[in-house]
Each structure stands twice: as C-alpha cells, then as structure tokens.
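Just so we're on the same page: letters track the sequence lines, and every chain starts at 1.
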Number of protein chains: 2
Amino acid sequence: MNFLMTRIFAEAGVSEEGLEKIASIIRTRSLEQGEYLFRQGDTAPNLYLIRNGLAKMSYITSDGKEFVKSFLPEGSFAGSLIAQMENCETTFSIVCLEPVEVEIVPFRAVQKLFERDPAALDFGFRFFQALALKKEKREYSFLCLAPEERYQWFLKENPTLADRVTKADIARYLGITPVALSRIRRRMKEPVNSMT
Amino acid sequence: MNFLMTRIFAEAGVSEEGLEKIASIIRTRSLEQGEYLFRQGDTAPNLYLIRNGLAKMSYITSDGKEFVKSFLPEGSFAGSLIAQMENCETTFSIVCLEPVEVEIVPFRAVQKLFERDPAALDFGFRFFQALALKKEKREYSFLCLAPEERYQWFLKENPTLADRVTKADIARYLGITPVALSRIRRRMKEPVNSMT
DNA sequence: CATGGTGATTAACCCAAGTTAATTCCATCC
DNA sequence: GGATGGAATTAACTTGGGTTAATCACCATG
C-alpha cells in the first residue's frame, strides 16, 4: 500500500525502520460527504491525514451555533491538540464536505517515532512552528480586520477553496452569519459611486 | 552571570557545552516603562526572554489603531515568528508596560543549538506545540465568543494580569475599543433585575 | 490648594451585524 | 414539466460596538 503519510515522512528524512513501523500501523477510512471523522466530545487520540476530498473542523456552541475552525483539503494533517496534549475529549468535530479518504495513526505511534528518530522530531518541530505561524496570522485577522477585510483576506489566501465550500461555511469560518456575508458581498459588488 | 534562559535550557536537559555556548552569546537589556524592545518594521532576528517586568506585543494598523497581540509577563519568550521563518521585518512592536529586564539571543544561535542538541530540539518542539495550542484557544475565543464572554474568559485565564494592565490595553487585546469594554463592565455590574 | 495629566466612564449618535422570516435561484429527481 | 430541497439573497427590525467628545476620579507635583 502506498501511503501519503509515509511518503511525507520519507521526504523529511525519516529512517526506513521508522517508515515501516508507521506503515504497519496506518489505517485508512473512506467517508461520504456528511459523514463525521469524529464528533465534538469524542476521544480521538489520532493523527489524521486527508488523502483526498475536503473536510471541515468546527465548534458547536452550547446554544447550537456552528463555527468553522478550519478547512481540510487533501494533504492536510488534522487532529485535536488538546486531546493529544491534555488527554481529554475533542472540543470540535470533523465532518466531510466531499467524499474523503483519510489515513489514521494513533498519536502514541507518532510520538514514539519522534522519540526515536531525530529526522522525525525535526519534522515535528517544523510542523508545529508552521502551525503556530498560521494560527498567528488567523489571530491577526480576527484582532485587526473588519469582517469585510477578513473575507477579502480569505479569498486572497484561499483562491481554490472559495468555490469548493458554501458561502454559509465561509461565513462561519469568518465568525459572522451567512446573512452578514451575503450583505458584505453585495456591498463589494456595488459600483463605487464616486459621483452621480 | 546567572541567566534565566540557560536555567530553562538546563532543566530541558541541554548539554553543558550547549549551555555554555548560549551563555556566551546572551545579551541583556534594561528598559524603562514606555521603551520599545523593537518597533513594527524593524528587523529583529532575536529570541527574547523577559526576566522581569511586563511588556506587550502590539500591531499598529495603517490608520493608526493599536491592537494588543499578547502580554509578556516575566518568564515569557518572545520574538517574531515571521522575522525568523520568512526572514522579513517584524509585523508588530514590543513596548514595556513596566520596567523590564530582558535576555537577548540571535535566532541563528538557537537554531544551531537545535541542530546539535536533541534535548534542545525536543524543547523547541514542545515549545511550539504549546504555542500552537495557546493560539488555537485564542482563535476559539475570537471565533466563538462575544466580546463580553471574551472579557470574562480573559479574566479567568489571566487573573493576575488583569490589574497590572490598563483597561484600554485589555480592550485592545480583546479586539474592541476602550469605550466598548467600559460599557461591558457596566452591564456586568448591573443587578440581574430578575424582578422589580 | 490649585493644576495638570492620565485612566475610566458616560452620553449621543451612527452604522454594521444578529435575528427571523420570506423569497429567489437552481439543480435534481420522479 | 412540475415538485422538492438546498443555497443564497433580501427585507425588516433589534442590538451592540464604533466614534467623538465631554465628564469624572484619582494622583502626583508645584
């Protein structure tokens, strides 16, 4: 079986034995659109790698509102940091927006790989460094940008995603309601009206 | 000289030679309240460790508005991820809210330590993992919480900070104006008015 | 005691997002 | 072709933050 995860680890310089060990543990799953990889509150101590398709991570608040934490196109690693580090239930769900093929490995196995293989640890280091930078940029967009600017930023950063997901999911990703996003889009279409 | 940074690295299991190497490079600075460690747009390819005092990282937008990215009490590591990873200018400033003593090391020196000492790399791995988790929680607060809830969350997570910084800086940390925070505080004080 | 100066609050007004509900648009399916 | 259902938009109204400016409280300083 040709796993995407082992290919990525191999490119990172992980040793043959490390690769074989991981390859022997990887499970794969195929999911339909609408199916859940896991649900908020589940224990999901796994690292996921999306091979194909598109999914979203989202929070559901106590009063039933949904907010999209992140979109997961093919090639995305996913998993619950909290579940991994603090050993508790996941605080969000992952649901498929398109049919998905995913590779699944328990966190424990990855951790062991990190402990034994310096190249793997270096990969993990760079992975989390990049993740922190990504989250920092999203923090910036929430902290400093108005909803309309945030939408334009999203379009610029995710040109391909924009037409694979619904407007409603984009709104929930931006932290606003679908109605508000629709109004923003109308404002953006309107002629600038510099004079009449 | 007894550095805080070498103490932390020593606890992480970094080798003697690594510690000595770093100790030989550390510079220290003392800053008054109001002084800048660096300004938005500077090149600041350094890792900072706040020994004493309190500082804040903040973005200034093109129209002059300030937003507080993070508060830095004693023991905080700080630096610009973007400056480090993408080798460009900093996108925010660090200014002291109290007199500050800080230890300064070039990123290059830390990177070399990571390359040569597995214990150091492991420390870096865990550092960025924890940073990513922290940013994820802040992302959650912006995405899912209303300003008032965000303020209550801040008070709960930072009980000691709340009375070391001004209300205006708390507001700018929450992404709202000082006026809005003042209104929120009044609402929170108001009797619940369950009956008249 | 008067004088600044700063931080915090308040007031008044405007505007954008939330809410609820209706409507339009399209793709699909029988 | 008509019915169904989801996505997107629109409308009408409410609510809460932004803006500007005034006021208040407190403290340091002359």
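For B:Glu103 and B:Arg7, the salt-bridge test fails: no basic side-chain N is under 4.0 Å from an acidic carboxylate O.
If you measure from atom OH of A:Tyr151 to atom P of D:dA8, you get 10 Å, rounded to the nearest angstrom. Rounded to whole Å, the distance from CG on A:Asp163 to P on D:dA7 is 16 Å. C:dT19 atom P lies 13 Å from atom CZ of A:Arg172, rounded to whole Å. The distance between atom CG of A:Leu145 and atom P of D:dG18, rounded to the nearest whole Å, is 14 Å. Atom C1' of nucleotide C:dT9 and atom CD1 of B:Ile170 are separated by 15 Å, given to the nearest angstrom.
For the 3.5 Å distance criterion, the side chains of B:Arg29 and B:Tyr48 fail to qualify, holding no donor opposite an acceptor.
Heavy atoms only, all atoms of each residue included: B:Val68 and B:Glu66 are closest at CG2-OE2, 4.0 Å. The two residues A:Leu31 and A:Tyr36 have their closest heavy-atom pair at CD2-O, 3.5 Å.
Distance alone, capped at 3.5 Å, places no donor-acceptor pair between the B:Asp169 side chain and the B:Thr166 backbone. Between the side chain of B:Ser182 and the main chain of B:Val179, no donor-acceptor pair closer than 3.5 Å is present. The backbone N or O of A:Asp42 sits less than 3.5 Å from a side-chain atom of A:Thr90, completing a donor-acceptor pair.
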For nucleotides 11-18 of chain C, tabulate all protein N/O to nucleotide N/O atom pairs closer than 3.5 Å, reporting atom names and distance.
| from | atom 1 | to | atom 2 | distance (Å) |
| --- | --- | --- | --- | --- |
| C:dA12 | N6 | B:Arg183 | NH1 | 3.2 |
| C:dA17 | OP2 | A:Arg187 | NH1 | 3.3 |
| C:dA17 | OP2 | A:Arg187 | NH2 | 3.0 |
| C:dG18 | OP2 | A:Thr177 | N | 3.2 |
| C:dG18 | OP2 | A:Thr177 | OG1 | 2.9 |
| C:dG18 | N7 | A:Arg183 | NH2 | 2.7 |
| C:dG18 | O6 | A:Arg183 | NH1 | 3.1 |

If you restrict it to nitrogen or oxygen atoms, what contacts under 3.5 Å exist between nucleotides 4-8 of chain C and the protein, and what is each distance?
| from | atom 1 | to | atom 2 | distance (Å) |
| --- | --- | --- | --- | --- |
| C:dA8 | OP1 | B:Lys167 | N | 3.3 |
| C:dA8 | OP2 | B:Lys167 | N | 2.9 |

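Note: the hydrophobic cluster containing A:Met57 does not contain A:Phe128 (ILVMFWY, side chain heavy atoms under 4.5 Å, direct or indirect links).
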